[in-house]
Amino acid sequence: MKGPITIAGATFLILGDQLASAADELRSEPLYVLRHSTAHLLAAAVTQLWPGTKYAIGPPVENGFYYDFLLPEPVGEADLRRIEKKMEELVRRNLPYEQVVLSRKQAIERFRALGQDFKLEILAGEAAAEQEISCYATGEFFDLCRGPHVDSTRRLANFKLTKVSGAYWRGEEKNAQLTRIYGTAWPDRESLDDYLRALAEAEKRDHKRLGPQLKLFRLDERTGQGMVIWLPHGATVRRELERWIVDEELARSYQHVVTPVVAKLDLFRQSGHYQKFQETMFPPMRTPEGEELELRPMNCPHHILVYEAEPRSYRDLPLRIAEIGNMYRWEKSGELMGMIRVRSIALNDAHIFCTPDQLQEELRGAIELAQYFMRTLGVQIHRYRLSIRDDQAAKWVGADEQWRHAESALAEALDASGERYEVGRGEAAFYGPKLDFQILDAQRREFTNNTVQVDFQLPLRFGLEYIAPDGSRQTPIMVHRGALGALERFTAYLIEHYAGAFPTWLAPVQVGVLPITDAHVPYAQQVAERLRRERLRVEVDARPERVGKKIAEGRNRRLPYLAVVGEREAESGSVQIRDRAGEQSSEELEAFVERVASEVRQKRL
RNA sequence: GCCCACGUAGCUCAGUCGGUAGAGCACUUCCUUGGUAAGGAAGAGGUCUCGGGUUCGAAUCCCGACGUGGGCUCCA
């Protein structure tokens with residue numbers, strides 16, 4: 001399951017096993033060694049504090065490390081301080097990290113004597129082939145480990161334990177749940193402090209904090225979990241995005257449709273969603289008349305019905321059916337997160353029905369459109385991932401040949417785009433491989449923002465056809481593609497990306513007009529009216545407050561422009577403009593109107 | 001769903017050993033009409049998430065439910 005694989009003549013590094021299976025060069029990186037050794041230090045402290053603890057694995061990860069334990073009693077965040085103290089004590093004792101190479105038999109005996117069942121499992125599993133078993137001893141702590149490590153615990157000074165969570169042994173839900181303790185570790189005090197400071201900064205851009213603060217959205221338990229209330233400001237941002245998306249798609253020969261969020265359950269039986277995706281679907285509704293209705297988890301079946309609305313000829317293809325489609329997924333309660341992971345989802349969705357000859361170009365077009373959207377918004381795709389099957393056949397539907405065809409088609413389209421990408425085995429959709437556009441949130445957690453998928457299955461399940469030039473009936477290929485992604489997740493991402501300071505064209509309020517005294521309110525209203533005639537979004541702050549306060553608040557609200565108007569401006573028909581950078585300028589009202597209107601037209605960043 | 005936390009005014013948060021509720025901002029009213037980052041005063045606002053329990057007495061301790069956060073699993 002590890003190592004490079006080859007698709008369509010190109011070779012890719014497999015992701016998904018994180019650093020735990022890192023290549024040998026990576027294992028010797030100084031920072032990797034430091035964090036890996038700190039993980040051992042953590043385990044040494046924990047096993048001293050809680051004798052009888054069984055330790056599982058403890059790899060370095062981005063910014064730090066963790067170690068998984070089966071503890072004799074529950075351990076929580078309140079215990080972290082105590083564990084850190086013990087770690088510091090071990091650091092002061094200047095304990096060496098000593099490599100001990102044992103024969104397979106000796107190793108098994110040793111870990112059996114220690115009662116370390118997880119290590120025995122590893123010896124019987126992934127380390128089964130090795131005859132010489134590398135172990136490391138640090139004081140009384142003894143671990144199965146390839147190393148390398150630092151020479152002594154005294155090299156480890158700049159660490160901090162950060163959180164406790166549950167984690168399943170070998171990452172499988174049916175296995176025992178272990179206690180995972182996370183920490184961060186750095187070569188020097190400054191790097192540690194910088195990292196902790198950056199975390200605190202990231203919290204300030206957190207969409208869960210900024211969203212309610214800027215009145216963009218709220219979540220209320222009375223709507224049910226994962227159901228977003230888009231407040232007027234957030235709805236404005238979303239509406240601007242939607243208008244833009246629809247315009248751009250219409251310009252690329254997409255046809256927009258509107259379809260309902262509820263359908264008979266049989267529709268999802270036919271599509272296969274109910275068989276393969278059921279645990280992510282809301283339970284069916286049973287009507288008094290005995291009908292079974294289902295909230296749709298995806299829009300594809302409805303778009304297939306659009307395709308079927310009339311007989312199709314090859315001349316109709318490619319047929320690009322688009323919708324900003326609402327769908328509902330029953331995500332488990334613990335999986336929900338702010339607006340990034342929700343249960344009511346509005347996807348910038350489309351299904352392209354095409355011939356095999358057209359597939360390449362359609363995939364490229366879908367990739368380019370997504371990139372155009374991202375470029376215009378000044379956001380960056382963190383990485384591209386080609387998600388393919390793994391060898392657990394039960395998870396996937398369709399013939400091998402079609403999967404291979406689909407995988408190579410995506411790989412070729414990606415190659416043509418010139419983007420570097422990685423391969424995610426086992427990350428495919430149940431009906432076909434996909435290309436995932438990955439983004440990072442403020443805390444550098446990775447999410448899939450958008451996908452482009454090739455699908456041979458659904459057209460077959462629905463018996464879709466088109467008449468080919470020779471008069472024969474052929475099955476079209478379906479491309480499922482997002483471009484912007486889900487509006488909830490993407491808006492959350494934008495809030496964090498811009499730290500709430502949306503580009504003017506997206507800003508819920510673009511200009512705040514601030515009269516200096518009551519006497520200037522009529523002129524302020526005039527200015528606002530003029531701006532509104534250009535379809536700009538304006539607010540007049542007519543409260544009897546000092547202009548300094550109005551400015552402070554306008555800045556807190558991240559308004560792109562504040563127009564201060566007083567005696568001078570009213571007389572000369574001008575505005576005193578203050579932008580978000582704090583730059584001030586006096587401008588003729590007409591010049592300002594044109595400047596902002598043009599900035600909005602150009603969607604300037 | 002699972003593990004670990006958390007839940008006090010609209011928001012951010014204090015609240016000691018169990019003794020009956022506090023601040024700042026926001027809101028309302030009054031004063032102030034002030035030219036570029038927060039004027040002054042007063043007022044109103046609470047079933048301390050909900051339900052049980054322990055106790056003479058619970059925001060505080062215990063149990064459960066609900067919700068939120070960080071992870072795990074899953075995923076756009």
Side-chain angles (χ1 to χ4, degrees), chain A residues 61 66 68-69 71 74-80 162-182 203 206 208-209 212-213 215 218-222 224-226 277 279-280 297-298 325 327 329-343 345-349 387 427 429 434 436-439 443 445-451 453 480 482 484-490 492-493 514-521 543-556 562-569 576-578 582-584 586:
Chain A
V61 291
Y66 66 78
D68 287 346
F69 305 100
L71 288 148
V75 166
E77 264 151 50
D79 299 302
L80 293 184
T162 50
K163 55 199 173 196
V164 176
S165 76
Y168 301 105
W169 166 237
R170 294 189 189 277
E172 284 180 36
E173 215 171 351
K174 42 193 175 300
N175 289 347
Q177 178 135 11
L178 310 175
T179 302
R180 175 170 297 180
I181 300 177
Y182 283 92
E203 249 170 65
D206 189 330
K208 297 186 290 298
R209 177 183 291 254
Q213 195 178 313
K215 301 181 186 174
R218 67 175 298 206
L219 298 164
D220 185 291
E221 56 187 87
R222 287 168 296 181
Q225 295 182 292
F277 205 68
E279 73 282 5
T280 313
M298 294 181 187
M327 52 208 204
R329 295 188 183 176
W330 189 78
E331 306 286 349
K332 292 184 210 164
S333 59
E335 294 165 342
L336 302 172
M337 196 185 82
M339 271 219 305
I340 285 190
R341 192 78 186 271
V342 293
R343 286 175 172 169
I345 307 164
L347 188 65
N348 164 216
D349 204 5
S387 293
E427 305 278 342
K434 58 189 178 129
D436 297 316
F437 294 63
Q438 302 296 106
I439 53 171
Q443 285 158 64
R445 290 175 295 200
E446 187 174 325
F447 294 92
T448 300
N449 181 60
N450 181 36
T451 67
Q453 313 176 358
H480 306 239
L484 202 81
L487 286 160
E488 289 79 10
R489 178 171 293 183
F490 190 67
Y493 172 79
L514 316 182
I516 287 169
T517 74
D518 291 352
H520 312 121
V521 170
R543 296 173 305 162
E545 291 289 352
R546 286 166 219 284
V547 74
K549 177 161 182 164
K550 295 180 183 181
I551 285 168
E553 286 180 15
R555 290 181 59 93
N556 289 342
L562 298 172
V564 176
V565 295
E567 206 55 43
R568 296 198 292 270
E569 289 73 24
Q576 177 71 227
I577 297 303
R578 188 183 168 117
E583 295 294 318
Q584 291 176 50
S586 180

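Small disclaimer: the values here were computed from a predicted structure and weren't measured. Residue numbers start from 1 in every chain, and the chains themselves are labelled A, B, ... in the order their sequence lines are given, proteins ahead of strands.
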Participant: Whether E553(A) and R543(A) form a salt bridge (side-chain N of Lys/Arg under 4.0 Å from carboxylate O of Asp/Glu) is what I want to check.
Facilitator: yes
Participant: Could you measure between the two C1' atoms, the one in rC11(B) and the one in rG18(B), and give it in whole Å?
Facilitator: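 Comparing C1' positions in rC11(B) and rG18(B) gives a spacing of 29 Å.
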Participant: If every non-hydrogen atom of R209(A) is compared with every non-hydrogen atom of E203(A), which pair is closest and at what distance?
Facilitator: NE-O, 3.4 Å
Participant: How many Å lie between CG on D220(A) and P on rU49(B), as a whole number?
Facilitator: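 Rounding to the nearest Å, CG of D220(A) and P of rU49(B) are 16 Å apart.
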Participant: Among the nucleotides rG34(B), rA76(B), rC72(B), which one has an atom lying closest to any side-chain atom of E335(A)?
Facilitator: rC72(B)
Participant: Once pairs are restricted to Watson-Crick or G-U wobble with both distances under 3.5 Å, how does RNA chain B read as a dot-bracket string, [ ] for crossings and | for other-strand pairs?
Facilitator: (((((((..((((.....[..)))).(((((.......))))).....(((((..]....))))))))))))....
Participant: Is any side-chain N of the basic residue among E172(A) and R170(A) closer than 4.0 Å to the acidic one's carboxylate O?
Facilitator: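 A salt bridge is absent here (no side-chain N lies under 4.0 Å from a carboxylate O).
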Participant: Among rG34(B), rG1(B), rU36(B), find the nucleotide with the atom closest to the side chain of I516(A).
Facilitator: rG34(B)
Participant: Name the residue closer to the 5' end of RNA chain B, choosing between E569(A) and M327(A) according to the nucleotide with the nearest heavy atom.
Facilitator: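 In this pair, the answer is E569(A).
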Participant: Any donor-acceptor pair under 3.5 Å linking the side chain of T280(A) with the backbone of R329(A)?
Facilitator: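 No; judged by distance alone, with no hydrogens or angles, the pair does not exist.
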Participant: Do Q443(A) and D206(A) come within less than 4.5 Å of each other through their side chains, counting heavy atoms only?
Facilitator: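 Sidechains of D206(A) and Q443(A): in contact.
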Participant: Could you tell me the separation between the CZ atom of R543(A) and the C1' atom of rU32(B), rounded to a whole number of Å?
Facilitator: 15 Å
Participant: Measure the shortest side-chain to side-chain distance between E569(A) and V564(A) over non-hydrogen atoms and say whether it is less than 4.5 angstrom.
Facilitator: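 No. Closest side-chain heavy atoms not under 4.5 Å.
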Participant: Under 4.0 Å: is that the gap between some side-chain N or O of K174(A) and OP1 or OP2 of rU73(B)?
Facilitator: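 So the side chain of K174(A) is outside the cut-off, no N or O lying under 4.0 Å from OP1 or OP2 of rU73(B).
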Participant: Report the distance from atom CG of N175(A) to atom P of rC3(B), rounded to the nearest whole Å.
Facilitator: 15 Å
Participant: Provide, to the nearest angstrom, the distance between the CD atom belonging to Q225(A) and the P atom belonging to rA65(B).
Facilitator: 14 Å
Participant: Select from T179(A) and V164(A) the residue whose nearest nucleotide in RNA chain B is closer to the 5' end of that strand.
Facilitator: T179(A)
Participant: Answer with yes or no whether Q213(A) presents, from its side chain, a donor or acceptor under 3.5 Å of a partner atom in the base of rA26(B).
Facilitator: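 No pair found.
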Participant: Mind calculating the distance between NZ (K208(A)) and P (rG67(B)) to the nearest angstrom?
Facilitator: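 To the nearest whole Å, that distance equals 18 Å.
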Participant: Kindly point out which of rC2(B), rG39(B), rU32(B) is positioned nearest to the side chain of K549(A)?
Facilitator: rG39(B)
Participant: Mind calculating the distance between OH (Y168(A)) and P (rC72(B)) to the nearest angstrom?
Facilitator: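 My rounded result for the distance is 11 Å.
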Participant: Heavy atoms from C-beta onward define the side chain here; which of rU36(B), rU33(B), rU73(B) lies closest to that of P544(A)?
Facilitator: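 Among the listed nucleotides, the one closest to the side chain of P544(A) is rU33(B).
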Participant: Taking only the side-chain heavy atoms of R445(A) (C-beta and beyond), determine which of rG35(B), rA76(B), rG71(B) contains the nearest atom.
Facilitator: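 Among the listed nucleotides, the one closest to the side chain of R445(A) is rG71(B).
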Participant: Looking only at side-chain atoms of A552(A), point me to the closest of rG71(B), rA37(B), rC75(B).
Facilitator: rA37(B)
Participant: Among the nucleotides rG71(B), rC72(B), rA26(B), which one has an atom lying closest to any side-chain atom of Q177(A)?
Facilitator: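 So the side chain of Q177(A) is nearest to rG71(B).
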Participant: Check if the side chain of N556(A) and the base of rA38(B) share a donor-acceptor pair of N or O atoms closer than 3.5 Å.
Facilitator: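 A donor-acceptor contact between them is present.
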Participant: With the side chain of R578(A) defined as its heavy atoms from C-beta on, choose the nearest nucleotide among rC74(B), rU36(B), rG70(B).
Facilitator: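 Given the options rC74(B), rU36(B), rG70(B), the side chain of R578(A) is closest to rU36(B).
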Participant: Would you say the side-chain atoms of D436(A) and S387(A) include a donor-acceptor pair closer than 3.5 Å?
Facilitator: yes
Participant: Please tell me which of the listed nucleotides, rG67(B), rG71(B), rU36(B), lies nearest to the side chain of Y182(A)?
Facilitator: rG71(B)
Participant: Measuring from the side chain of S165(A) (C-beta onward, heavy atoms only), which nucleotide among rG67(B), rG70(B), rC74(B) has the closest atom?
Facilitator: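 In terms of side-chain proximity for S165(A), the closest of rG67(B), rG70(B), rC74(B) is rG70(B).
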Participant: In whole Å, I'd like the distance from the CG atom of D518(A) to the C1' atom of rG35(B).
Facilitator: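 After rounding, the reported distance stands at 15 Å.
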